[in-house]
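Bear in mind that the values here come from a model prediction, so they are computed numbers and not experimental data.
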Amino acid sequence: MATTPGAARPTVRSTVHGYPRIGPDRELKRASESYWKGGTTAREFDAVASELRRGVYARLREAGVDDLPSNTFSPYDHVLDTAVLFDLVPSRFPSPAQAGDRDEQLRRYFALARGEQGAPPLEMTKWFDTNYHYLVPELSPSTRPRLVGDKPVAEFREASEAGFRTRPVLLGPLTFLLLAKAADDAPEGWEPIELLDQLLDAYARLLGDLEEAGATEVQLDEPILATDEGRAAVGHLERVCQRLGSLTERPSLLVSTYFGSIGAAALRVLKDSPVEAVGLDLVTDREGVGDLAAVSGLGATRLVAGVVDGRNVWRTDLPAAAAELGTLLALTDELTVSTSCSLLHVPIDLDAETDLAPELRGALAFARQKAEEVALLGRVLSEGTDTGFDAVETRPPSFTDARVRARLDALGPDAYERPEERGAPTDTALTTTTIGSFPQTPELRRARAAHRRGELPTEEYKRILRAEIDRVIALQEEIGLDVLVHGEPERNDMVQYFAEQLEGYATTRNGWVQSYGSRCVRPPILFGDVSRPEPMTVEWITYAQSRTDKPVKGMLTGPVTMLAWSFVRTDQPLGETALQVGLALRDEVADLERAGIRHIQVDEAALRELLPLREERRQAYLDWAVRSFRLATSGVAPTTTVHTHMCYSEFNQIVGGIEALDADVTSVEAARSRMELVAALGRRGYRRGIGPGVYDIHSPRVPSVEEIEASLRLAVRHVDAGNLWANPDCGLKTRGYAEAEQALRNMVEAARRVRADIGPQAPAGG
């Protein structure tokens, strides 16, 4: 970093946008689930949450981070927190009779997320292009935003009392409204953004309360600016900045953006506004630096530079980051080093991993280590020294398999194509099935854990798994499902299970990341070329098929989802890595087919998730995503039915991509989104099988026969019944047997009623 001789060296501070909230041992998960089951009171739940928050402040302070964020904790989801804070809650969830009743407040809060009898939950979808899920607010012209909660103020005061000075973090009003959806009773054409002025009044009051409580800076998160929709809303952004920035009683404002560059137009608005600081993601793409140059720097507006990757687990190239930060000092009068986004998306502490290969472990950084990186970079720039850089290996170890690369190079165009003429998947309309997993009982989880520790012999473990498959097959036959699944009792997670058996992947013991609510996953680490040493699923699927005369689906996780739900190598394009995974899955598909399995499901739950946030980059993504799926599935005979599954994303933007997958049957989330995608497919004349989810498995409520019947009748209005399947939204792993069984019985009865009314149909999928 160059400085003018004799000039004072600038003080560079460090911060992070947010930190994982689940706790080092998933304490939030356990507290939430205990509360839902009635084993914990609201006061006890709040005590756990308070302890987790104080632990985060202490860890960040220990790492050397200068400026600590608060209000990044959430009992379930930060978008839901914002809706509740401003009383933006659908009327089907009435307010507690007594405003101060904490038990009723918490019950209502979780009902919004999970639903309750008579009140379906808010729709759930992916947070931009991450694997985190948020709850979608439902708004209408009659909605009246008003500040009714005090969570940001209370958590700021809690931190202050514990000795930590913090910066409260709020979801920005522009992002909140552009992510919200119009409620069913809203007039056609009305958009939630029309509530902006009213919502800004509520934010103004909150900023005043925070200033009164002693907050000196508040962070407004506006990641929507990285999307095409956000870039088109520059006028609204100016209203936000001018309205809030002109307040006479407020803390200083940091408007933080992430998940991509925001464009020069938005950056110019921020620079010229009264806000004091702007946060930019300088990791996701390189355009952010160009945007800064295009507006001739930020001048007196402080730059919070996101140079440490908040979404992947590789160590930062610290010398390169320090050099880049040095050049940025010429574009701003004041600089803070930060992560590119919240550390919510990475595991908490690498020190909890002792089984990783040393050469791999040395190239990794989890949340705690990333906090140390931003702190070190801040010190280096302030002190003008590179102490600490020389001992850090920043490049992931390379792992190249010449056989994998040679096989891919030898493939011709026919490896990606299936014949147009195929056999019909079934001979009935409204074929009933499930997505894959069945409830995993505590006994099954204990057996898996005991086997992993070496306390349960392999043969005894397999006997337990076969007994569970027997149970699942018998139950499905008794319920009357048409196409069965084996229930996946051998699988811990739909990505991790395969990663543990593929070359080029590593898995962790404690690398938990929050997906939604209490749902945590351990994303594997894809560090090298991928191949399949031996069959991964054939033993269990063929055993299940031997127990019934009905067809049983083989169940695999697709290449795009294997990438989306992993931490992926950065030394080659994603499309090349996806083809390697697709080739490995192609071998598994071929083995399943040779074993006599005639329905094979390759789940691409994350196809929409990885869709770039800007239109100009989407077709290139869909090209390689579709190509990798077709490589995995195009080797089968015309009589084998290829299924795929997608869940909890807005799919209307990629209907063409769904068609291009060329799957015979596609099952999709539809229970919360009210058949929106089915309507879109119907308008396009979609001719393959479609299975809109009619049972929301992320909620404990059991839908009635009549509710499911209404959903199926709505679907029949858009798609020919001969192409229509009936299934849940997703796998049943997280549900209990009692509720799952009743929901499936209701689904089968609803399908029977609709089938009886529509009369004879062409074969499904024909």
Side-chain angles (χ1 to χ4, degrees), residues 418-419 421-438 469 472-477 479-491 494 498 535-558 561 585-605 629-630 632-647 658 661-668 687-693 722-728 730-732 744 747-748 751 763-766:
R418 295 182 65 201
E421 295 299 324
R422 307 168 200 168
T426 67
D427 58 3
T428 62
L430 281 176
T431 306
T432 57
T433 189
T434 70
I435 300 304
S437 62
F438 261 65
I469 291 173
V472 168
I473 293 295
L475 177 60
Q476 291 175 92
E477 287 190 317
I479 289 173
L481 291 166
D482 299 312
V483 176
L484 313 186
V485 298
H486 79 294
E488 304 179 8
E490 78 284 5
R491 304 187 190 184
M494 65 180 291
F498 293 98
M536 302 177 287
T537 67
V538 176
E539 175 183 2
W540 305 113
I541 305 298
T542 54
Y543 175 77
Q545 186 64 81
S546 74
R547 312 302 288 175
T548 179
D549 292 331
K550 289 188 172 184
V552 176
K553 288 190 290 187
M555 307 299 302
L556 307 175
T557 301
T561 304
L585 294 175
R586 184 183 181 93
D587 294 340
E588 187 73 11
V589 168
D591 282 343
L592 285 169
E593 188 177 55
R594 278 192 290 270
I597 304 303
R598 291 295 173 259
H599 288 259
I600 300 175
Q601 181 169 307
V602 181
D603 288 344
E604 281 296 18
F629 180 88
R630 293 179 70 143
T633 58
S634 292
V636 300
T639 52
T640 296
T641 299
V642 172
H643 299 246
T644 191
H645 168 66
M646 304 171 192
C647 61
I658 294 174
L661 294 177
D662 201 23
D664 299 299
V665 181
T666 301
S667 57
V668 294
R687 300 299 300 164
R688 298 292 184 195
I690 182 72
N723 293 335
L724 195 62
W725 289 57
N727 46 254
C730 201
L732 304 174
L744 293 178
M747 183 185 77
V748 169

His599: what forms a ring-ring contact (aromatic ring centres under 6.0 Å, His included) with it, not counting sequence neighbours?
-> His643
For residues Pro535 and Asp591, report the shortest heavy-atom separation together with the two atoms involved.
-> CG-OD2, 3.5 Å
N/O donor-acceptor pair under 3.5 Å between Glu593 side chain and Val589 backbone | no
For the residue pair [X] and [Y], establish whether any side-chain heavy-atom pair is separated by less than 4.5 Å.
X: Gln545; Y: Ile541; value: no
X: Leu732; Y: Leu744; value: yes
X: Thr537; Y: Arg491; value: yes
X: Arg688; Y: Asp662; value: yes
X: Gln476; Y: Phe438; value: yes
X: Lys550; Y: Ile473; value: no

Listed by chain and number, what are the side-chain contact (heavy atoms from CB on, under 4.5 Å) partners of Asp587, not counting sequence neighbours?
->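 Asp587 satisfies side-chain contact (heavy atoms from CB on, under 4.5 Å) with Arg407, Arg532 only.
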Check salt bridge (charged side-chain N to carboxylate O under 4.0 Å, His left out) between Glu477 and all other residues, then give those that pass, not counting sequence neighbours.
-> none
Indicate whether any N or O donor in one side chain lies under 3.5 Å from an N or O acceptor in the other, for Thr557 and Asp603.
-> no
Residue that, paired with Leu481, satisfies side-chain contact (heavy atoms from CB on, under 4.5 Å) out of Leu475, Thr433, Val748 = Val748
